[in-house]
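The basis for the numbers below is simple: all heavy atoms, side chains too, and nothing from hydrogens, waters or symmetry mates.
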Amino acid sequence: MGMIGNILGLGNGARSLGETVKTVAEVFVPNATRQMELAGEAHAGAMGQFSEDFRQEAEGPFDRFVNGLNRMPRPALALGTLALFGYAMTDPAGFSVRMQGLAYVPEPLWWLLGAIVTFYFGAREAHYLRGAGTLAAPPAKADPAKSAAAQATRSDAAAADANPALEDWRRQS
């Protein structure tokens with residue numbers, strides 16, 4: 001209470017009455033500020049837990065070697081295909097002999113090679129589509145004033161839709 005409360009003789013009684021009214025009002029209408037605080041705390045807790053999950057330990061030599069091997073298939077396939085074109089232009093006779101040799105490879109072996117390549121690249125693509133390959137950006141912070149206003153508008157609209165008597169009263173006045 002401020003100076004005006006002291007001048008008017010309002011002391012702790014008015015303050016306790018105000019707290020009581022506030023408490024009773026919160027039974028019917030939730031405290032939006034407290035809800036936003038709780039949502040912020042929950043978000044901060046979840047982000048803290050996620051950051052713990054994604055913390056990376058220092059890599060040793062073996063980990064770096066395996067990560068390097070995992071990065072080789074795509075460049076090797078791309079550069080190997082370009083090298084085949086170069087080989088076909090520099091030694092057409094040798095290239096045709098080797099391509100005829102490929103004709104002797106049995107069909108089930110081609111199917112196996114296709115399945116291996118498909119599953120390798122398909123699993124890699126699915127990994128990135130699910131978002132496991134990158135950390136998602138944190139959600140944009142909502143403006144509390146706009147959020148509360150939007151929530152109030154939604155609740156007013158929902159209340160008007162749910163109460164035909166209230167609509168009749170609004171039409172009459």
Task: Nonpolar side-chain network containing Met89, other nodes, edges under 4.5 Å - done: none
- [ ] Only counting residues at least two apart or in another chain, list the ones meeting salt bridge (Lys or Arg N to Asp or Glu O under 4.0 Å) with Glu125.
- [x] none
Task: Listed once per pair and sorted, the side chain to side chain donor-acceptor pair (under 3.5 Å) pairs that draw on residues 75-100, sequence neighbours left out - done: Tyr87-Arg98
Task: Straight-line distance of Thr33 OG1 to Leu38 CG, nearest 0.5 Å - done: 11.0 Å
- [ ] Count the heavy atoms belonging to other residues, nucleotides or ligands that lie under 6.0 Å from CD of Glu107, then report whether that count exceeds 12.
- [x] no
Task: Trp111 side, atom CH2; Ile116 side, atom CD1 - distance, nearest 0.5 Å - done: 14.0 Å
Task: Phe121 CZ: over 12 foreign heavy atoms closer than 6.0 Å - done: yes
Task: Any side-chain heavy-atom pair of Leu77 and Tyr120 under 4.5 Å - done: no
Open item on the list: Give me the atom names and distance for the closest heavy-atom approach of Glu59 to Arg64.
Closed with: O-NH1, 3.0 Å
- [ ] Check the hydrophobic clustering (I, L, V, M, F, W, Y; side-chain heavy atoms under 4.5 Å; chains of links allowed) and say if Phe119 and Leu113 are grouped together.
- [x] no
Task: Chi angles and distances behind the salt bridge (charged side-chain N to carboxylate O under 4.0 Å, His left out) call for Arg170, Glu167 - done: CA-CA 5 Å; Arg170 285 183 179 159; Glu167 286 184 28; over 6 Å; no
- [ ] Determine, using the 4.5 Å side-chain heavy-atom cutoff (strictly less than), whether Leu112 and Val105 are members of one ILVMFWY cluster.
- [x] yes
TODO: Would you give the length of the straight line joining atom CE of Met36 to atom NE2 of His43, rounded to the nearest 0.5 angstrom?
DONE: 15.0 Å
